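Small disclaimer: the values here were computed from a predicted structure and weren't measured. The chains referred to below are lettered A, B, ... by the order of the sequence lines, with proteins before strands, and numbering in each begins at 1.
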Amino acid sequence: MLHLGSLRSDAAQRRTVKADASSVADWARRFEALGATAVDERLRAFYAQGVPAGDTVLADVPLLAMDFETTGLDPQQDEIVSIGIVPMTLARIQSSASRHWIVRPRGVLNAESVTFHAITHAQIEGAPDLGAILDELLPALAGCVVVVHCAAIERAFLDAALKARLGEGIEFPVIDTMALEARLHRRHKSGLFAGLFANLFGRNAAPLSIRLADSRARYHLPRYRAHHALTDALATAELLQAQIAHHFKPDTTLKEVWA
Amino acid sequence: MQVEQLEILDFLAAHPPFDDLPEGVRESVAAAIDVRYYKAGEQIVDFGEPAEFWHVVRSGAVEVFRRNGTLYNRLTAGGYFGEAGLLRQGRVRFPARALEDVLLYLIPQAVFLDLFENNEAFADIVEIEDRTRLRQVMSRRLDANDLLSATVETLVGRQAVVLDSTATVLDAAQRMTAEGVSSILIIEDNPDVPELPIIAGIVTDRDLRTRLIAPGLGYDTPVTAIMSAGVLTITYNQLVFEAMLAMLRGNVHHLPVMKNQRPIGIVALSDIIRYESRNSLFVVGSIFRQQTVDELEALVPDVRACFSRMVTEDASSHMVGCAMAAIGRSFKQRLLELAEAELGPPPVPYCFLALGSMARQEQLIVTDQDNALVLDNRFDPAQHDEYFRKLAAFVSDGLARCGYTYCTGGVMASNEKWRQPLRVWERYFTDWIERPTPESLLHAGIFFDLDGVWGRMEWATRLRELIARKAKGNSRFLACMARNALLRTPPLGFFKDFVVESDGRHTNAINIKRRGTAPLADLTRVHALAIGSQSLNSFDRLKDIIDAAILPLGRGQDLYDSLEFISMVRARHQAEDVDAGIDPDNSIDPEKLSDFERKSLRDAFLILGNAQKFLKYRYQPGRAN
């Protein structure tokens, strides 16, 4: 279920340009193409901002951590109820410039499905449709590389939401902290020690959890209450800084970590 | 406000100095915070770089350094750094590095300065000068304690009743009954200043019972025959607790209060009871009623209970120290009375000396006995020493049984070296002061805190005068004393459940006496000797030192506050041990310290450390580090 495209060699990526967003090698050219065909003005403006080149070093990349709370896990049926975004760079998480929106889903909500979002029905009843906040959301995303924990959710839900409202979807590059964690985890598991360990004890060690809270704990980041879009976006931003600090360098290039 | 970073807001609400901010202000701070993660070992800020943020540790641990690279502090969640740079010259003054993986909250300079300007309590806590912060803590404590701040005058209810010394006991009893008082002052004419009569004595209800009726004297007995002469008095503007201490020290229950040399009233023990549990006075009283060493020993639990109660009732360490010293002094006096009763009257006069913390009136509950005997110059060892050896042994053994352990350094009258005629003592002090070496003075410091307890008290005064005269301005002597005063240093502070030493090492516990109160008393003594002060108590000495203006402005008060705070922590922990039924000691486990205590102790240690540097600079200018 994870998008592991980023594990492929650069050469392989260059040869296999697919429609699947997770394996786009040349995001700059992709944005040009998308911008040329987009109809909605806001989308055209978004693509016109472009993206940093793949060989940009991470220290120079404007990033934006993003998290959605949704009514379920299926982007075709379920909908976004809240969005949190936190602009960041490797040097600083600009929590002070973070934004949070609650949006009203179009489908009928039953009471149980939303209780865990820490959002009340009254808040949702009074909230705007997602279409009404695109004027703010898309300019905030423009020019940044989006940071998420589990790219499948944010990408697919935003794409579906835009298709439903504008008749056209959206593509954008992401750095997926969950995929990074899986990649680091997989390396360890296949390493000499993991094998030795498994042999010695005659069984496979339990796989490390790559859920947000568990991943954070590995970097000694504090435990936060889950299921608030803004808190999760901040938590994701902190996790990325920690991952880069421990496993990469400020001059690691964007193409080594994005997808 | 639209943005709700709940985790940030919750964290601020749970940590000082943010927890006391108005909610709206706290929310605006939370909204202004940015965040940064650092891996263990990464440098966070370097010396001299522009100071942009005030840093608050959200999780993990940070080390803060001085410019010269020595460790300044270790911080965990809730700790903060960078205020000095923001408030002073906008450049980082204390470099910082991640000791563990750390998540930091960054508060922009403008937001910090705004908080600092507009929230007094916030500024007090964050104030860059550790000394200022401790001052705040101590002055709040003072405000909260009546006993510490109320003057004797407030206790005076009515004019003192006086009677001429030519009156009879019947006159006294009738007058006391008519006036409804339990004590009366006996006055006589002052031949020099007729308008200022002299207080000849005092007569109390109890005197009528014990000195008149019990011996069966007639009603026409002169009142002077049953009065107590040599009346202790107190001045109207002295503190209530000083009145209490005077009663303790003199074992009296009534004190005339003087204003412009006239008695304006009498303060009785019962007046003070509403200010202080009468425990300590009660203990002193019962010490003098005990007839054997066994009976004295049985009072030990009362002494401990009295100590822990005073501490619990928020007495200052000065008060506790004085009260405990008064109790210790009473034990010595009573033991000497019992010794003389057993051994007979002394063959030559003597003075029994208290040394060290008891002489300084800084005794707590854990203390060893430091004492000495000054004998008459006619003392002949062959003829007299057996008596004084037995006397010293009686007192020393008795004290040991009453909870004052034998001095491991042998500074006791039972040691022949410290049982000598006055002229030998004068030679000791002359040698120490005029031909000093650090070695000879290493264990002699204790003798420079001496107080007469019994017998020829004037000899103790004479020795103190000799010390004050010879020590003042004697730079070689002061340099040696200063060197010894620097042998014990304070730790840097606390980190998690450890004590952090200046070189970064961790230890599990701190000996609060050896690392705090003792070096403070040592350095105070050096300054006191330098200015010729004859005060004994470190707080009194500090007042003399402040008056002499030999310290940079404000530093004397800082030392005063530091001594008070460290002593209180020490006393409180001993009281907790007493209450828990375990033997109290001076070792404190940082786990038992509250955050507030840790912070204030660290401030006090910094003040002590700086004062030690100043001591070196002032008295040993030629010495390198």
Side-chain angles (χ1 to χ4, degrees), chain A residues 63 65 67 82-102 118-119 123 127 133 136 140 177 212-213 215-250, chain B residues 1-15 27-46 49-50 52-62 76-79 97-112 114 496:
Chain A
L63 303 161
D67 186 81
S82 67
I83 298 172
I85 58 169
V86 183
M88 66 178 288
T89 62
L90 281 199
R92 178 143 50 117
I93 297 166
Q94 290 160 271
S95 168
S96 57
S98 58
R99 299 291 306 273
H100 183 236
W101 295 276
I102 294 171
I119 297 168
Q123 281 176 303
I133 65 149
E136 297 176 83
T177 52
L212 183 55
S215 301
R216 284 171 58 85
R218 277 193 282 282
Y219 301 91
H220 307 110
L221 284 163
R223 181 160 289 275
Y224 290 164
R225 282 167 304 183
H227 303 305
H228 184 286
L230 191 55
T231 300
D232 284 350
L234 178 65
T236 304
E238 292 167 0
L239 175 59
L240 180 70
Q241 278 199 341
Q243 289 172 324
I244 304 292
H246 282 266
H247 302 293
F248 300 90
K249 293 187 184 73
Chain B
M1 189 181 325
Q2 198 210 353
V3 175
E4 287 178 353
Q5 283 293 9
L6 296 174
E7 292 292 339
I8 296 178
L9 197 56
D10 288 354
F11 181 82
L12 296 189
H15 290 83
E27 281 172 4
S28 66
V29 174
I33 280 177
D34 282 348
V35 183
R36 171 77 193 259
Y37 178 93
Y38 289 90
K39 184 172 70 166
E42 278 190 283
Q43 192 73 17
I44 299 166
V45 284
D46 281 309
E49 71 179 48
E52 291 180 84
F53 300 108
W54 190 44
H55 295 85
V56 178
V57 181
R58 172 61 177 83
S59 64
V62 170
T76 50
R97 187 164 66 208
L99 178 66
E100 298 171 357
D101 292 343
V102 65
L103 193 65
L104 291 179
Y105 285 169
L106 317 178
I107 298 181
Q109 178 171 31
V111 176
F112 171 79
D114 186 55
K496 297 181 176 175

Subject >> Verdict with supporting geometry, B:V35 and A:M88, side chain to side chain contact (heavy atoms under 4.5 Å, CB included) >> reply: CA-CA 9 Å; B:V35 183; A:M88 66 178 288; over 6 Å; no
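- Contact annotation: the side chain of A:V86 approaches that of B:Q5 to within less than 4.5 Å [non-hydrogen atoms, C-beta and beyond].
- For B:Y105, the part sitting under 4.5 Å from any heavy atom of chain A is the side chain, from C-beta outward, and nothing else.
- The salt bridge (charged side-chain N to carboxylate O under 4.0 Å, His left out) test applied to B:R36 returns no partner, not counting sequence neighbours.
- In this structure, B:E7 and A:T231 approach most closely via the heavy-atom pair CG-CG2, 3.5 Å.
- In this structure, CG in B:L6 is found 5.5 Å from CZ in A:R225, a value given to the nearest 0.5 Å.
- Side-chain N/O atoms of B:D34 and A:S95 include no donor and acceptor closer than 3.5 Å.
- Neither the backbone nor the side chain of A:I244 comes within contact range of chain B; no heavy atom of the residue lies under 4.5 Å from a heavy atom of that chain.
- With sequence neighbours excluded, no residue satisfies side chain to side chain donor-acceptor pair (under 3.5 Å) with A:K249.
- Ring geometry, A:Y219 versus B:Y37: the interplanar angle exceeds 60°, so the pair is classed perpendicular (tilted spans 30 to 60°).
- Among all heavy-atom pairs drawn from B:S59 and A:P222, the shortest one is OG-CD, 3.3 Å.
- Residues passing the side chain to side chain contact (heavy atoms under 4.5 Å, CB included) test with B:A30, sequence neighbours excluded: B:I8, B:L9, B:L12.
- In this structure, the separation between NE2 on A:H220 and CG on B:L103 is 13.0 Å, given to the nearest 0.5 Å.
- Looking at B:E42, the atoms closer than 4.5 Å to chain A (heavy atoms on both sides) all sit in the side chain, from C-beta outward.
- Residue A:Q94 holds its CD atom at 10.5 Å from CG of B:L106, rounded to the nearest 0.5 Å.
- Scanning residues 232-240 of chain A against chain B with a 4.5 Å non-hydrogen threshold yields A:L234, A:E238, sorted by number.
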